[in-house]
Amino acid sequence: MTVENNAAPAPAAPTDFIRDIVAGHIAEKRYAGIVTRFPPEPNGYLHIGHAKSICLNFGIALENGGRCNLRMDDTNPTKEDVEYVDSIIADVRWLISGWADAHLGFKAKSATTETRTIDGRTDYYAAPAAPGTLAVEPFFASDYFDALHACAVELIKRGKAYVCDLSPADTDAYRGSPDTPGKDSPFRTRSIEESLALFERMRAGEFPNGARSLRAKIDMASSNIWLRDPLLYRIRHADHHQTGVKWRIYPLYDFAHCLSDYFEGITHSICTLEFVDHRALYDWILEALDLPRPLPHQYEFAKLNLGYTLVSKRKLLQLVQERIVSGWDDPRMPTLSGLRRRGVPAAAVRDFAYHIGITKFDSLTDVAVFEHAIRENLNATAQRRLGVLHPIKIVLTNLAPGEVIECDATNNPQDENPTTRKVALTREVFIESDDFAEVPPPKYFRLKPGGEVRLKYACIIKLDEIVKDASGAITELRCTADLTTRPGGANVEKKVKGTIHWVSASHCVDAEVRLYDRLFTVPEPVAQEDFTKFINPRSLEVITAKLEASLGDALPGQVFQLERTGYFTPDAKNSRPGKPVFNRTITLKDTWAK
RNA sequence: UGCCUGAUGGUGUAAUGGCAGCACAGGUGACUUUGACUCACCUAGUCAUGGUUCGAAUCCAUGUCGGGCAGCCA
């Protein structure tokens, strides 16, 4: 006998090949718990492509009662900066807030790996912060430099790594090419003792950059280039934003990443497709060390490509450096900070990530899917307000100067029990210039000579006279308001085709409004030889709008729908109470415009 | 030309040998004090060829096309 479940159905958990793999591991009880990680390099701001990965990794942690560690993959000191560390933390917290916060893995501040012995073998473990720990921070690969160094020494002792004196150019030449095997370095047969001594001198800073490297001893003839004795450590006389002057050698990605995963007890290490060829190396390093705990495994999915958008840290950096945009958080940028400033809710980004799925297919997602997620979220949540972007003045000739008629306006018709607010109807109001046509096209429902239209929440008006100046430009439209069509009036049920938005000329606030459009004119800017040639010249239009008075002191973080127009949010950097600056998040769909 | 990887409506994704479904986009209509939302309907797909099978998007073979790999970047 089954029990009827009348509760609102929880959104079906997404399924994809990676979640299927995880589910299989859970079924066979392979791990004590599921631990994923999101490991950005702090060399740029997070963007919508990272959001896909964040939602995948945190989603898997959430769905399985596990944890997702935030880790800075900071093994290359010359490219990284703390500015990026801070922005990454803020962006991740914003994206998962109210969703997967409880599954965010941070460590106690300044904590590093603990060294212990399991079954007679040395082990290194990076624990997450205990619940209730006050000072926490993300994990850092640079926290593991000592442990990583010890692992490198162990590899040399096992005869699985050697110090190579080949120059970068020679190393390259010896590697061969994809279709021709490489050849062994002359230093490959160097004794363990000599490599150990040389590696120690590398660490001590005795050699210049590029003079020597530590390499794994695998197979120079492998069909997989990444197995042709890959470099594990390089000499870098550079200070690190986390470890300062301590190190003169730094581990490379392939060596640091698999071990960082292991140290943290990661079970599923999920990355993008370009790392498929590295997986054999990932496994080789972990197996060569004979580690005592269960090993993490790498799984790969296709990264996001979004139409009319650039999803590449390097190219976004170029937009910033060449001042094509105002910064990483320019509201036209696909960065999380840009989207946030634009007014895109984190929940909309998450819904989007959910809808696009996870596969190994290299696809180009239509921006319309993202725009739909934004509109769907905002339609349900945004307070409605009245605002006129391109004003044209109306004089309601049958209202007295100074007369104020209070109208009830609905805050959000999508609410179960919608609330209302008062808006003032006065003799002079503004309407959208688009909502008037002296010579109307066919099926034009708005204001036209001799025609009638409803001012939303107020009453029906009739156009009597068009007033023009000497040059023929329209200065005002003189109309009669039919006050019997107001709510409660005798003719409130009277139907007209058009209902338009408006604001009182005396009860409104001027606001700078930034109208954003897509940044690029082509669906695939990345496919162009020079994407900077395809910047949309109209990606930003700045206007002064007339907004309902209540919008004068709106706060950043709030997103409003200006009825019949779009969604707008106060700009977090430039908006001030009484002197508001609004960003247009997105327009409403407009089937009439087509 | 070596290795890896992939191919399902316009786009993205599901179907794990058994009715090709969902979302977005597009179209038509209904509703509407937002030309929004909502609702209804419509359009449109398994890369090709062969094989296995009662039955193939799914398994096998061959081909075609796409993506990735030769940083002391990640």
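No experiment lies behind these values; they were computed from the predicted model shown. Letters A, B, ... mirror the listed sequences (proteins, then strands); counts begin at 1.
- Note on H501(A): every side-chain N or O is 4.0 Å or more away from OP1 and OP2 of U34(B).
- Put simply, the side chain of D366(A) and the base of G12(B) share no donor and acceptor less than 3.5 Å apart.
- A distance-only check finds a donor-acceptor pair linking the side chain of R190(A) to the backbone of V163(A) [under 3.5 Å].
- L231(A) comes within 4.0 angstrom of a nucleotide base, judged by non-hydrogen atoms across all strands.
- Dashed line: the shortest gap from a side-chain N or O of T78(A) to OP1 or OP2 of C73(B) is not under 4.0 Å.
- With T272(A) contributing its side chain and E274(A) its backbone, the two residues share no donor-acceptor pair below 3.5 Å.
- In terms of modelled atom types and a separation under 3.5 Å, the side chain of D74(A) and the main chain of S142(A) share a donor-acceptor contact.
- Side-chain atoms of R228(A) come within 3.5 Å of backbone atoms of S177(A) as a donor-acceptor pair (strictly under, hydrogens ignored).
- In terms of heavy-atom proximity, T365(A) sits nearest to L306(A) at O-CD2, 3.4 Å.
- When heavy atoms are screened at a 4.0 angstrom cut-off, S363(A) is found touching the sugar-phosphate backbone but no base atom.
- Counting any heavy atom pair closer than 4.0 Å across all strands shown, F352(A) reaches no nucleic acid atom.
- Note on R279(A): every side-chain N or O is 4.0 Å or more away from OP1 and OP2 of C4(B).
- OP1 and OP2 of U11(B) both lie 4.0 Å or more from every side-chain N or O belonging to T365(A).
- The residue Y233(A) sits apart from the nucleic acid: no heavy atom pair falls under 4.0 Å.
- Note on P40(A): nothing from the nucleic acid sits closer than 4.0 angstrom, heavy atoms only.
- When heavy atoms are screened at a 4.0 angstrom cut-off, D73(A) is found touching the sugar-phosphate backbone but no base atom.
- The gap from the C1' atom of A7(B) to that of G18(B) amounts to 24 Å, rounded to the nearest Å.
- Looking at heavy-atom distances under 4.0 Å, L364(A) makes contact with sugar-phosphate atoms alone, never a base.
- Nucleic acid contact class of F361(A) (heavy atoms, under 4.0 Å, all strands): sugar-phosphate only.
- K589(A) has a side-chain polar atom (N or O) that falls below the 4.0 Å cut-off from OP1 or OP2 of A25(B).
- Applying the 90° criterion around 0 to the glycosidic angle, G71(B) comes out syn.
- V492(A) comes within 4.0 angstrom of a base, heavy atoms only.
- The side chain of K495(A) places an N or O atom within less than 4.0 Å of a non-bridging phosphate oxygen (OP1 or OP2) of U33(B).
- Here E563(A) lies in heavy-atom contact (under 4.0 Å) with a base.
- Within the 4.0 Å cut-off from OP1 or OP2 of A36(B), at least one side-chain nitrogen or oxygen of T591(A) is found.
- With a cut-off of 3.5 Å on both pairing distances, the Watson-Crick and G-U wobble pairs of RNA chain B assemble into stems of 3 or more at B:2-7 with B:64-69, B:10-13 with B:21-24, B:26-30 with B:38-42, B:47-51 with B:59-63.
- A cation-pi geometry, defined here as NZ or CZ lying under 6.0 Å from the six-membered ring centre and within 45° of its normal, holds between R518(A) and Y308(A).
- Nucleotides G68(B) and G35(B) are separated by 46 Å at their P atoms, to the nearest Å.
- A salt bridge does not link R37(A) to E264(A): none of the charged side-chain nitrogens sits closer than 4.0 Å to a carboxylate oxygen.
- Note: Y233(A) and F199(A) meet the aromatic proximity criterion, with ring centroids under 6.0 Å apart.
- Using a 4.0 Å cut-off, some side-chain N or O of R175(A) falls inside it from OP1 or OP2 of G71(B).
- At A74(B), one or more side-chain N or O atoms of R234(A) fall inside 4.0 Å of OP1 or OP2 (strictly under the cut-off).
- Relative to the ring axis of Y250(A), R236(A) does not place its NZ or CZ within 45° and under 6.0 Å from the centre.
- Note on T272(A): nothing from the nucleic acid sits closer than 4.0 angstrom, heavy atoms only.
- Scanning atom types as modelled, one donor and one acceptor separated by under 3.5 angstrom connect the side chain of R454(A) and the base of U33(B).
- A donor-acceptor contact under 3.5 angstrom links the side-chain atoms of Q561(A) to the base of U34(B).
- T75(A) comes within 4.0 angstrom of the backbone, heavy atoms only, and of no base.
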